[in-house]
Protein chains: 2
Amino acid sequence: MTITDVAKAAGVSRQTVSNALNSPEVVREETLKHVLEVIERLGYRANQAARQMRTGRSRLIAIGIEPDGDGISGSWADRFLHSLSETAAQEGYRILLYTAADDDSEIATYEDLLGAYKPDAFVLTATHHDDLRASWLLERGLPFVAFGRPWSDLPDARHPWVDVDGAAGTEAATRHLLAAGHRRIGFIGWPPGSGVGDDRREGWARALSRQDLSGLQRAVEDGIAAGESAALDLLAADPGVTALVCASDSLALGALQAREPGRPVAVIGFDDTPAARAVGLTSVHQPLGEAAAACVDLLARALESPDAGPPSAHVLLAPTLTIRQSA
Amino acid sequence: MTITDVAKAAGVSRQTVSNALNSPEVVREETLKHVLEVIERLGYRANQAARQMRTGRSRLIAIGIEPDGDGISGSWADRFLHSLSETAAQEGYRILLYTAADDDSEIATYEDLLGAYKPDAFVLTATHHDDLRASWLLERGLPFVAFGRPWSDLPDARHPWVDVDGAAGTEAATRHLLAAGHRRIGFIGWPPGSGVGDDRREGWARALSRQDLSGLQRAVEDGIAAGESAALDLLAADPGVTALVCASDSLALGALQAREPGRPVAVIGFDDTPAARAVGLTSVHQPLGEAAAACVDLLARALESPDAGPPSAHVLLAPTLTIRQSA
DNA sequence: ATGAAAGCGCTAACAC
DNA sequence: GTGTTAGCGCTTTCAT
């Protein structure tokens, strides 16, 4: 069914139908109502390809999906994608998926996509220092939003982003432990240099220093085994430690295993993954649904008014603490 | 950049460029080589919208993403989507995402999508008895493949599908326990009537009956708490039970918690979720990557030759057992 | 407020 | 083997 069929059925010209859809204010109220009714009755939908040829807009938002690492900390994509797709649909956009192993191949995919499907915008996930993808898109003035802060202060790294305040999360976790009476609280995180990891460490340190306290920390690669040995090491180094804040659920899961029968140690993880729920691990919960919705909002706004508004709008969301048995 | 630019740069007509791309056999070898070179050098990609208008094919495959239940058993979508997207890209297709709460709203989304973006095919997940989606698509002759068997023998339920042999999975799990010397092996599954659940129960029963054994079973809704109480109930009913096979990792996680200090009970779950890895739960692993690749293969084949070939081709994949401490 | 004409980039059919 | 023509369905001038 085409717009011509609708026009015939409604007894008006094709353009009037088009106007009813795209510039309703220009059509007489009575006519508008009638045309909309016919469209509804016929179940007509404008052909997106034809529309795109004319307007240059595809109403497609592209996002990359990565293979997750150990599968524990990585399983946030599901929830994010679901919410992204739902919110996008409400705004009249659809989500186009792609995969890429690294920044370079992701950029190659951009070229591919832009030549063929011409998505109106991109969503970047897992941003990192010296993110080639962001600078590539920025150079070309292509609309995008990152889920994750630009971990650089360079002026050419300014772009719209949405992120969850990791420091606020570990700070809340630490305060929760402090309120429960803990005074020697350790931290197990990742090696310095990763924006996300440094941010999470910062929240723990901040909460402690506000009470004029400090604590031991260990930095290891992510993983259950690494978390366990780091925890063993840290607990041995200071027998007074009674609680651990961890940069991820994987590390926290390892820390749980490092506990010895005679010595209760409270543990808090990060990401509130299914695994945390499964073992009763208290964890910092990221509002992924809101984050996805914020991404769509930022993009939709930017796409409606291509020039107006600050191009580097951002949203920082506060995580919450999901309290379970482990702390 | 358009096909005209390429034609100019190559010193041939637009048509020849188009032919080089779509019917290379019709172009003189020398010309072909030259044109392809220019295309490569310029980084030209055919505009998909224009191509779609002419050919009626969008090279888009649509798939629905559901909000996962307790997040434990539901986190397979990630891996499946990644592989689906990757395989599809290799075949020249891209993945379009949508969300739907139930069959009816999913069908409404089909109408929407078919009117606007016109995906060439759909991938259905979580098929169930009396699946309205499959019959709707079937009635209209729309290409699709289901990840999951049609749980009905009705002739109008015949369609291409890919699935993992759940019975083979629980059978392998049970045989593993038998080989380890267990003789009283219970099963915790879902209420009868769900195809997936019945299938998994069947595998356990089959393995036992081959040894002239039988076992106790309990049927509950999915969830950790339900799994725990079902396990407590079953273990109390027969003090001789030494092992449990479960229809999901959620149930298995509950069963693990139901164990008492003095009585070791082996537990095997299903899905090999991150949570299983986290707690050392032995679990049946589904080859999701292969499943996704098989879906794309089936679709690509059907789309290349719209009439040839059996319309109800299917692929049944064997799961593997990932052995950890729990059994 | 409504109707007519043009053209987005591409490919299938036809002519050369 | 290559070039020309037409038209997919839509929206955007422009004219009425």
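No hydrogens, no waters, no symmetry mates; every other heavy atom, side chains included, goes into these values. All values derive from a computational prediction rather than experimental measurement. We name chains A, B, ... by the order of the sequence lines, and we start the count at 1 in each one.
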Would you kindly give the [atom1]-to-[atom2] distance between [X] and [N], to the nearest whole Å?
| X | N | atom1 | atom2 | value |
| --- | --- | --- | --- | --- |
| A:Ile3 | C:dT2 | CD1 | C1' | 14 Å |
| A:Arg45 | D:dG9 | CZ | C1' | 17 Å |
| B:Gln52 | C:dC8 | CD | P | 19 Å |
| B:Met53 | C:dG9 | CE | P | 12 Å |
| A:Lys118 | C:dG9 | NZ | P | 8 Å |
| A:Asn47 | C:dG9 | CG | C1' | 14 Å |
| A:Asp5 | D:dC8 | CG | C1' | 14 Å |
| B:Arg59 | C:dC10 | CZ | P | 16 Å |

Which part of the nucleic acid does B:Ala46 contact within heavy-atom distance under 4.0 Å: base, sugar-phosphate only, or nothing?
sugar-phosphate

Candidate pair A:Trp161 and A:Leu298, rule side-chain contact (heavy atoms from CB on, under 4.5 Å), full reasoning
CA-CA 8 Å; A:Trp161 55 264; A:Leu298 247 36; over 6 Å; no

Calculate, to the nearest 0.5 Å, the distance between atoms [atom1] and [atom2] belonging to [X] and [Y] respectively.
| X | Y | atom1 | atom2 | value |
| --- | --- | --- | --- | --- |
| B:Asn19 | B:Arg28 | CG | CZ | 13.5 Å |
| B:Leu299 | B:Tyr93 | CG | OH | 8.5 Å |
| B:Glu86 | B:Ile95 | CD | CD1 | 11.5 Å |
| B:Cys295 | B:Leu84 | SG | CG | 6.5 Å |

Would A:Leu21 and A:Tyr44 count as a side-chain contact (heavy atoms from CB on, under 4.5 Å) here? Give the steps.
CA-CA 11 Å; A:Leu21 251 19; A:Tyr44 167 77; 3.8 Å; yes

Output the single nucleotide from C:dG9, D:dT2, D:dC10 whose closest atom is nearest the side chain of A:Arg51.
D:dC10

Below 4.0 angstrom from OP1 or OP2 of [N], is there any side-chain N or O of [X]?
| X | N | answer |
| --- | --- | --- |
| B:Tyr44 | C:dG9 | no |
| B:Arg54 | C:dA12 | no |
| B:Thr55 | D:dC8 | no |

Only one of A:Phe144, A:Tyr110, A:Tyr117 passes ring pair (Phe, Tyr, Trp, His ring centres under 6.0 Å) with A:Phe122, and that residue is A:Tyr110

Near DNA chain D, counting only heavy atoms under 4.0 Å, which residues of residues 7-28 of chain B show up?
B:Val12, B:Ser13, B:Arg14, B:Gln15, B:Thr16, B:Val26, B:Val27, B:Arg28

